[in-house]
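What follows is one structure encoded as structure tokens, with my remarks underneath.
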Amino acid sequence: MNPQQIEAVKKVSGPIMAVAGAGSGKTRVLTNRIAYLIENVGIPAGNILAITFTNRAAEEMKNRVYQMIDLPLKGIWISTFHAMGAKILRFDIHRLGYSNNFQIVDDDDVHIIVKNLLKEHSYDIKSFSPRAVAGLVEKIKGKPETLDFLVEPIKTVMEEIYPAYQRYLKDNNLVDFEDLLILVLELFRGYPDVLKKYQDWFEYVLVDEFQDTNDLQYEIVHLLAKEHKNLFIVGDEDQSIYSFRGSNIENIRKFMRDFPKYHKVVLNQNYRSRTNILNAANSVISHNRNRIPKELFSELGEGEKVYHFRSQNDEEEAYFIYNRIKNLLKDGYDYQDIAVLYRNNAMSRRFEDLFLRYNVPHKVIGNISFYKRKEIKDMIAYLRLLIDRGDDYAFSRIYNEPKRGIGPQSFDKIESHAKANNLKLMDAIDDQIESVSTKGLERLQKLKHDLLEITKNIENVNLLMTYDKLLEVTGYVDMLKNEDWSAEKKIEAERRIENLQEFKTVILEKIKSYDSDVSNFDKLIEILTDLALREEAEALLEDNKFISLMTTHSVKGLEFKVVFIACLEQTLFPSSQSLFEKADIEEERRLFYVALTRAKEKVFLTNARQRYMYGRLMSNEESQFIGEIEDQYIEHSGIGVPKEPVYDRPRHHAINHVVPEVPSGYDPVRNDLTIGDKVEHQTFGKGVVVQLNNDKVTIAFQQNVGIKILMRDHPSIKKVERSNECQRSN
């Protein structure tokens, strides 16, 4: 380890902030610090809490620590925030009126619950989208004041649906992902003895990717650490790119305020990228003001310059990338060494079409994960009913999967009967219910009997046998085998059966990780908790041979030998919406910085003079971020290669030239508009001027309007203000 890494590992007590640049070995520091605390300082493993953001990162940390230490590690907590919350709630949620065998609902479950509640309260789901309402539920739960800022009619809807949703969860002993943090915070605030228990338990707290924490996560960490103050955070403001998910870059500043005696260590030696790539990234990110200054450096060699190609159109851009990839493969690179990145998912189509045409193996990262597939979610619902027969949501998912002669209308009657008699659904089916098929009820009663028998016998056989028995008594596999499918559906049914069989591997792997003295019932609870916490597109398998296509947000935490960053044009990257606020353009710049620093050996930047996007032909200036790379680190090619720099590059300005300086022939009489001006349109509202072309002006309006090309001197356009940076440049 280098001296800074050793300092971060061996500084034992008090608050410590490790400012960890991209590729600086932060996981190595975290794992070595945990090992040092246990082996060299003598801290019991059970008094250490290490938190990260993804299951993959948590597993990697666990594996590394286990390999480094010979001592027993019983009791150590290395997990994601949500897994930590779930574990705390397993111990103490009864204080809040839940039982400790609660189940976790994912986003799809929440959507269905909200949809049912909207119907129950007589709202038209065509007018009030269940998915949009579910999104508002999440926002209100995280920030209750959100409800006060809603406008009618949605405000009235949410005032009714949100409390109903909360009641439904509690009545059915369910929690959603937000609850895994909110209820922990409720415990800590409302029960000082519970907080004190965990403060004493976790004498040393370590938090990875601190720049990505949200307000709830920060408060939990702060409460846990404020007494002993042994809080070690690893973060990098330059890689904070998830504000749209609620992360708060100011949490690093809060840490500095709440723990004023903190010790700072800067980890700026990069072990991933060549020097030219890092210098290009440093020159771009230095334009952000809101950051702790640092310059990444590498000892891996200078490497090639960043290569920029500007094409006539998006088709030429795609062919350039395709031909470069062909040459890279001839030079000895493998498919999995290469990634093509873009700002949003809509930009992938052109590359997908071309790769398909020429049989280039590729994968768009972010497809439906294994655990989101219908058959897997159905079987998870069955497993949940083994744990808690009162789980109405799980029952409502599988009551007719496979078909048991109970259609939606009959099920509505069962639900009404259950509600009228204050019964759980699995108890209500024992009654005779008017207008519900007796045969259908008998089939449900048999299912209930079979599930209860499996639960009764759960400790007498291993969980794999329990799962096999579940497949048998439910008839799920028989349904897939025996249904009269078309040829295409038959293939899909076979894949679904394979998925159900593969799920046995998942159970087996998880069983192996538990101590022998843990009951099967508790193992199953933990397995279901882990499955609910899994995140999509976690990792790429080493033996997968394909080029990765993904958004710049998805690439965080990954690395490739060669990275293509495509569609680098104003209004695309940076996005049109970011041009309104300084904080937004800074986040876009951080996103570009993250994309650059994923590359080990080569970076290619591409853009087009014209491209088809969203059903129309767009003409955009190239991204300002290309111009922020200093000349000695970049090579330009393609159309319009400038002899002089495209942009002036004043350092440390938040918004540097939304596009190049005003073209020759600019006529100040026409509304006196200049690129970068903020304007207001009578119909479209506020916008930013992004392009001027003779008598036309291109304006990026806010998200619900988008980009419009208008007559430059139209009286509907009124200039509001002009950005200071543009005033300085002109």
Side-chain angles (χ1 to χ4, degrees), residues 21-24 236 238-239 268-289 291 293-311 317 320-321 324 327-328 331 333 337-341 343 552 555 559-570 573-574 585-586 588-607 621-657 659-660:
S24 62
D236 180 11
D238 293 340
Q239 297 185 73
N268 61 345
Q269 181 171 352
N270 177 284
Y271 294 92
R272 176 189 299 147
S273 307
R274 302 291 171 86
T275 296
N276 265 324
I277 295 172
L278 294 181
N279 287 340
N282 287 333
S283 63
V284 171
I285 202 64
S286 65
H287 289 73
N288 275 6
R289 290 175 177 171
R291 64 187 293 263
K294 68 178 180 304
E295 292 279 317
L296 295 180
F297 71 93
S298 169
E299 295 178 353
L300 299 176
E302 184 178 20
E304 298 179 15
K305 290 184 178 183
V306 171
Y307 191 93
H308 166 228
F309 176 74
R310 181 161 174 78
S311 63
E317 177 189 38
F320 168 81
I321 292 175
R324 282 290 168 151
N327 291 335
L328 288 166
D331 291 341
Y333 286 93
D337 295 332
I338 303 168
V340 179
L341 310 181
R343 178 61 180 80
T552 40
V555 79
E559 59 183 37
F560 299 89
K561 288 183 180 179
V562 182
V563 168
F564 291 84
I565 310 175
C567 310
L568 277 166
E569 294 140 38
Q570 289 300 108
F573 195 2
I585 201 75
E586 289 205 346
E588 291 285 299
R589 189 176 284 111
R590 291 193 295 269
L591 188 56
F592 182 61
Y593 171 84
V594 166
L596 283 173
T597 55
R598 299 309 96 192
K600 295 179 177 181
E601 298 175 10
K602 298 176 187 286
V603 173
F604 295 91
L605 310 178
T606 65
N607 53 17
E621 299 291 343
E622 68 185 28
S623 170
Q624 67 190 81
F625 300 147
I626 295 173
E628 293 172 1
I629 298 175
E630 294 179 4
D631 291 335
Q632 62 265 41
Y633 310 127
I634 188 169
E635 178 183 349
H636 298 279
S637 70
I639 64 170
V641 176
K643 295 179 181 177
E644 300 296 330
V646 177
Y647 302 96
D648 294 327
R649 298 186 184 92
R651 306 281 285 198
H652 310 298
H653 291 320
I655 304 177
N656 297 308
H657 302 287
V659 287

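Numbers here are sequence positions counted from 1. This is a predicted model, so every value here is computed, not measured.
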Open item on the list: If we ignore hydrogens and angles and just use 3.5 Å, is the side chain of Ser273 paired with the main-chain N or O of Ala599 as donor and acceptor?
Closed with: yes
TODO: Enter the distance from Glu302:CD to Thr275:OG1 here, rounded to the nearest 0.5 Å.
DONE: 7.0 Å
Task: Leu568 side chain reached by Glu622 side chain, heavy atoms, under 4.5 Å - done: no
Open item on the list: Once rounded to the nearest 0.5 Å, what's the spacing between atom CD of Glu559 and atom OG1 of Thr597?
Closed with: 10.5 Å
Open item on the list: For Cys567 and Glu317: C-alpha separation, side-chain torsions, deciding distance, then whether side chain to side chain contact (heavy atoms under 4.5 Å, CB included) applies.
Closed with: CA-CA 8 Å; Cys567 310; Glu317 177 189 38; 4.2 Å; yes
Task: Heavy-atom pair of closest approach, residues Leu596 and Ala281 - done: CD1-CA, 3.8 Å
TODO: Please answer whether the main-chain N or O of Leu591 pairs with a side-chain N or O of Thr552 as donor and acceptor at a distance below 3.5 Å.
DONE: no
Open item on the list: Rounded to the nearest 0.5 Å, what separates atom CZ in Phe297 from atom CG in Asn270?
Closed with: 9.5 Å
Open item on the list: Is there a side-chain contact between Ile626 and Ile634 in this structure, where contact means two heavy atoms from C-beta onward sitting under 4.5 Å apart?
Closed with: yes
TODO: Look up atom OG in Ser623 and atom CZ in Arg343, then write down how far apart they are to the nearest 0.5 Å.
DONE: 11.0 Å
TODO: Could you tell me whether Arg291 and Glu586 make a salt bridge, using a distance below 4.0 angstrom between a side-chain N and a carboxylate O?
DONE: no
Open item on the list: Consider side chain to side chain donor-acceptor pair (under 3.5 Å). Of Asn282, Asp236, Asn268, which one does Lys294 pass it with?
Closed with: Asp236
Task: Steps toward side chain to side chain contact (heavy atoms under 4.5 Å, CB included) verdict (Val340, Phe564) - done: CA-CA 5 Å; Val340 179; Phe564 291 84; 4.3 Å; yes
Task: Heavy-atom side-chain proximity of Val555 to Phe560 below 4.5 angstrom - done: yes
Task: Heavy-atom closest contact (Arg598 atom, Val594 atom, distance) - done: NE-O, 2.8 Å
- [ ] Return the minimal non-hydrogen interatomic distance between Gly638 and Phe309, and the atom names on each side.
- [x] CA-CE1, 3.7 Å
Task: Backbone of Gln269 reached by a side-chain donor or acceptor of Ser24 within 3.5 Å - done: no
Task: Sidechain N-carboxylate O distance under 4.0 Å for Lys602, Glu304 - done: yes
TODO: Mind listing the closest non-hydrogen atom pair of Ile321 and Ala566 along with its distance?
DONE: CD1-CB, 4.1 Å
Task: Heavy-atom side-chain contact between Leu300 and Lys600 under 4.5 Å - done: no
TODO: List the steps and the verdict of side chain to side chain contact (heavy atoms under 4.5 Å, CB included) for Asn279 and Gln632.
DONE: CA-CA 9 Å; Asn279 287 340; Gln632 62 265 41; over 6 Å; no
Task: Min side-chain heavy-atom separation Leu278-Glu295 under 4.5 Å - done: no
- [ ] Answer whether the closest heavy-atom distance between the side chains of Leu605 and Ile629 falls below 4.5 Å.
- [x] yes
- [ ] Flag the pair Gln570 / Gln624 as yes when at least one side-chain heavy-atom distance between them is below 4.5 Å, and no otherwise.
- [x] yes
Open item on the list: Distance to the ring centre below 6.0 angstrom and angle to the axis at most 45 degrees; does that hold for Arg324 and Tyr307?
Closed with: yes
Task: Rounded distance [0.5 Å steps], OH in Tyr633 versus OG in Ser283 - done: 7.0 Å
- [ ] Look only at the side chain of Asp337 and the backbone of Val562, and say whether a donor-acceptor pair between them is shorter than 3.5 Å.
- [x] no
Task: Nearest heavy-atom neighbours spanning Gln239 and Arg590 - done: N-CD, 4.4 Å
TODO: Verify, without hydrogens or angle tests, whether Thr606 (side chain) and His308 (backbone) share a donor-acceptor contact under 3.5 angstrom.
DONE: no
- [ ] Side-chain contact test, heavy atoms from C-beta onward, threshold under 4.5 Å: evaluate it for Leu296 versus Tyr593 and give yes or no.
- [x] yes
Open item on the list: Quick check: closest heavy atoms across Ile585 and Pro574, and the distance to 0.1 Å?
Closed with: CD1-CB, 3.7 Å
- [ ] Check the angle between the aromatic planes of Phe625 and Phe592 and answer parallel, tilted or perpendicular using the 30° and 60° thresholds.
- [x] parallel
